[in-house]
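One structure is given below, encoded as C-alpha cells.
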Amino acid sequence: MAYYAGVDLGATNVRAAVADEEGTIVGSDRRGTPSGPTGIAVTEAVLDVVRGACADAGVDPTAVRAVGIGSIGPLDLAEGAVDDPANLPDSVGRIPLVGPVGELVQSERVFLHNDTNAGVIGERFFSDRNPDDMVYLTISSGIGAGVAVDGTVLSGWDGNAGEVGHMVVDPEGTRTCGCGRAGHWEAYCSGNNIPRYATDVAESTGLDTDLALNDPDFSAVDVFAAAGDDPLADEVIERVGRWNAIGVANVAQAYAPLVIYVGGAVVLNNESLVLDPLRDALDESMVFNNVPDVQLTTLGDDVVLKGAVASALTEGTGDRAHLR
C-alpha cells in the first residue's frame, strides 16, 4: 500500500494528513504555527505534523510516496521555500519546505503551492463537478484565487499567481489596501478590512448604528452579527456584496471559469450574507462572457489540506488522469 501526505501551512495553524491511494484520509495532525524565532522553527513544525499524521495512520514517513504542500506566501518555487511571509514576524524570514519534507519521507515528489492553488486542486479532485476551467476563491483575512484554465493550474514563475485581491475594483481609490495601494478588492471585502470599511461608510452616510466602531476589538464578525438589526451593518454588507461582484466579474473576464468555488472564513461563517448579495449583483450586465456559477466550497475548512493531498496523488495537478 502506498500513502500520500498533504500539508496546510497557515499563519495560525499547520496541519497534515496522510491518505491512501484513493485519497481517503487515514491519519492527521495539527498544531499552532510557530512565530519564530526563525523560519527553521516553522519548518520543524511542518516536519512534526507530518510525523504526527504518519503516526496516526500507523505508517512510517518513508512509506509516503509523495507530499503536497499548500502554504501561505510569498513562495520561492526555485528554492522550495516560503520567503518572508507577510503574516509572521520579520525574524521568520525564509521557511525551507520542499527539501526538508523530501528528506523526511525520502522522496523527491514534493509539490509546493500557494494555499489558493492547493484549494483549486482540491476542488478539481474531490468535487463532483470539476471542469477544466474553474476557480477557487478565498475571502478571509485576505482575498486570493487558485485558477485552472484548460485543466492547468496557473501558478506563475514564482508560484504566486492568483493575487486577485489586489485587482483594482474602485478607480477612485477611496480605501487603501494593506499592501499600501489604493482601490484594491481586498481593501473593502477581506475580513481584516471590513471593519475599517464600516467606519468609512459610517462617516460618509451618517447612518444610525450600535456597532462599536471605536472598540479596538471591533471586527467583521460584529458587522455580520448585526445584520438585519443595524442600518449601518446592512449597508456595509450590501456594499461588500457589490464590491465582491465586481471582483468576481474581473475574475470571470480574465479566466472564463464555468464555476467559482468560494471559501475562507468570511464566507464559511456568513454564507448567505456574502454569497447571496454577490450572486444578486453579478449578471450579464457585468460579465461579457459566461456568468460563472458561484458556489460555496464543497470541502469547507479542509479545502487547502485536501488539495495538498490531491496534489500528492496527481503530481501537483488535481487531475485524476495523473493518478499514479
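All values derive from a computational prediction rather than experimental measurement. Sequential numbering from 1 along the given sequence is applied to the chain's residues.
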**OP:** Start with the C-alpha gap between N114 and T116, add the side-chain angles, then the distance that decides, and say whether side chain to side chain donor-acceptor pair (under 3.5 Å) holds.
**Re:** CA-CA 6 Å; N114 69 32; T116 53; 3.0 Å; yes
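- Both L282 and W185 belong to a common hydrophobic cluster when Ile, Leu, Val, Met, Phe, Trp and Tyr are linked at side-chain heavy-atom distances under 4.5 angstrom.
- For the pair D230/D234, no side-chain contact is recorded, criterion being any heavy-atom separation below 4.5 Å from C-beta on.
- Listed by chain and residue number, T62 satisfy the side-chain contact (heavy atoms from CB on, under 4.5 Å) test with Q106 (two or more places apart in sequence, or in another chain).
- Linking Ile, Leu, Val, Met, Phe, Trp and Tyr whenever their side-chain heavy atoms come within less than 4.5 Å leaves V168 and Y255 in two separate clusters.
- Here OG1 of T176 is found 9.5 Å from NE2 of H184. Values are rounded to the nearest 0.5 Å.
- Remark: E123 CD to D128 CG distance equals 10.5 Å, nearest 0.5 Å.
- Judged by distance alone, the side chains of Y188 and N193 never bring a donor and an acceptor atom under 3.5 Å apart.
- Note on V291 and V274: same hydrophobic cluster, where clusters join Ile, Leu, Val, Met, Phe, Trp and Tyr whose side-chain heavy atoms are under 4.5 Å apart, directly or indirectly.
- By the 4.0 Å N-to-carboxylate-O rule, R51 lies too far from D29 to be salt-bridged with it.
- Taking all atoms of both residues into account, the shortest heavy-atom contact from L268 to G300 is CD1-C, 3.9 Å.
- A heavy-atom distance below 4.5 Å is not found between the side chains of D84 and R94.
- Under the rule for a salt bridge (charged side-chain N to carboxylate O under 4.0 Å, His left out), D20 has no partner lying at least two apart in sequence or in another chain.
- Of all non-hydrogen atoms in R242 and A281, the two that sit nearest each other are CA-CB, 4.4 Å.
- Across A226 and L211, no two heavy atoms sit closer than the pair CB-CD2, 3.8 Å.
- Annotation: the span from R175 atom CZ to W243 atom CH2 amounts to 11.0 Å, rounded to 0.5 Å.
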**OP:** Apply side chain to side chain donor-acceptor pair (under 3.5 Å) to H113 and S71, showing your working.
**Re:** CA-CA 6 Å; H113 313 272; S71 177; over 6 Å; no
Subject >> S190/N192 under side chain to side chain donor-acceptor pair (under 3.5 Å): CA gap, chis, key distance, verdict >> reply: CA-CA 5 Å; S190 70; N192 284 350; 5.6 Å; no
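- Side-chain N or O atoms of Q295 include none that pairs as donor or acceptor with a backbone N or O of I260 at under 3.5 Å.
- Each of L313 and V59 belongs to its own hydrophobic cluster when Ile, Leu, Val, Met, Phe, Trp and Tyr are linked at side-chain heavy-atom distances under 4.5 angstrom.
- A donor-acceptor pair under 3.5 Å is absent between the side-chain atoms of N160 and the main chain of G73, judged by distance alone.
- Side-chain heavy atoms closer than 4.5 Å link hydrophobic residues (I, L, V, M, F, W, Y) into clusters, and following such links, possibly through other members, connects I25 to V304.
- Looking at D276 and S272, their side chains never bring a donor and an acceptor atom within 3.5 Å of each other.
- A pairwise comparison of heavy atoms in P61 and C54 identifies CA-SG, 3.7 Å as the closest pair.
- Residues Y136 and Y261 place their aromatic rings such that the two centres sit no closer than 6.0 Å.
- Between K306 and D8 there is no salt bridge, since no side-chain nitrogen of the basic residue lies less than 4.0 Å from a carboxylate oxygen of the acidic one.
- L9 pairs in a side-chain contact (heavy atoms from CB on, under 4.5 Å) with only one of the listed residues (T33, D115, V49), which is T33.
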Original post:
What's the verdict on side chain to side chain donor-acceptor pair (under 3.5 Å) for N130 and S127, showing C-alpha distance, side-chain angles and the deciding distance?
Top reply: CA-CA 6 Å; N130 51 2; S127 301; over 6 Å; no
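- Between R15 and R31, every side-chain heavy-atom pair lies at or beyond the 4.5 Å cut-off.
- Expressed to the nearest 0.5 Å, how far CG of L97 lies from CD1 of I69 amounts to 5.0 Å.
- Side-chain contact check for T205 and E235: no donor-acceptor pair (N or O, by modelled atom type) lies under 3.5 Å.
- Remark: I121 CD1 to T314 OG1 distance equals 6.5 Å, nearest 0.5 Å.
- Using a 4.5 Å cut-off on side-chain heavy atoms (C-beta onward), L275 and V262 make contact.
- Between D208 and L232, the closest side-chain pair of non-hydrogen atoms is not below 4.5 Å.
- Within the model, atoms NE2 of H166 and CD of E186 stand 4.5 Å from one another, a figure rounded to the nearest 0.5 Å.
- Contact annotation: the side chain of P292 never approaches that of L258 to less than 4.5 Å [non-hydrogen atoms, C-beta and beyond].
- Looking only at side-chain heavy atoms (C-beta outward), V153 and V147 stay at 4.5 Å or farther from each other.
- Counting heavy atoms from C-beta outward, P85 and V92 have side chains that approach closer than 4.5 Å.
- Within 6.0 Å of CG in N289 there are more than 12 heavy atoms belonging to other residues, nucleotides or ligands.
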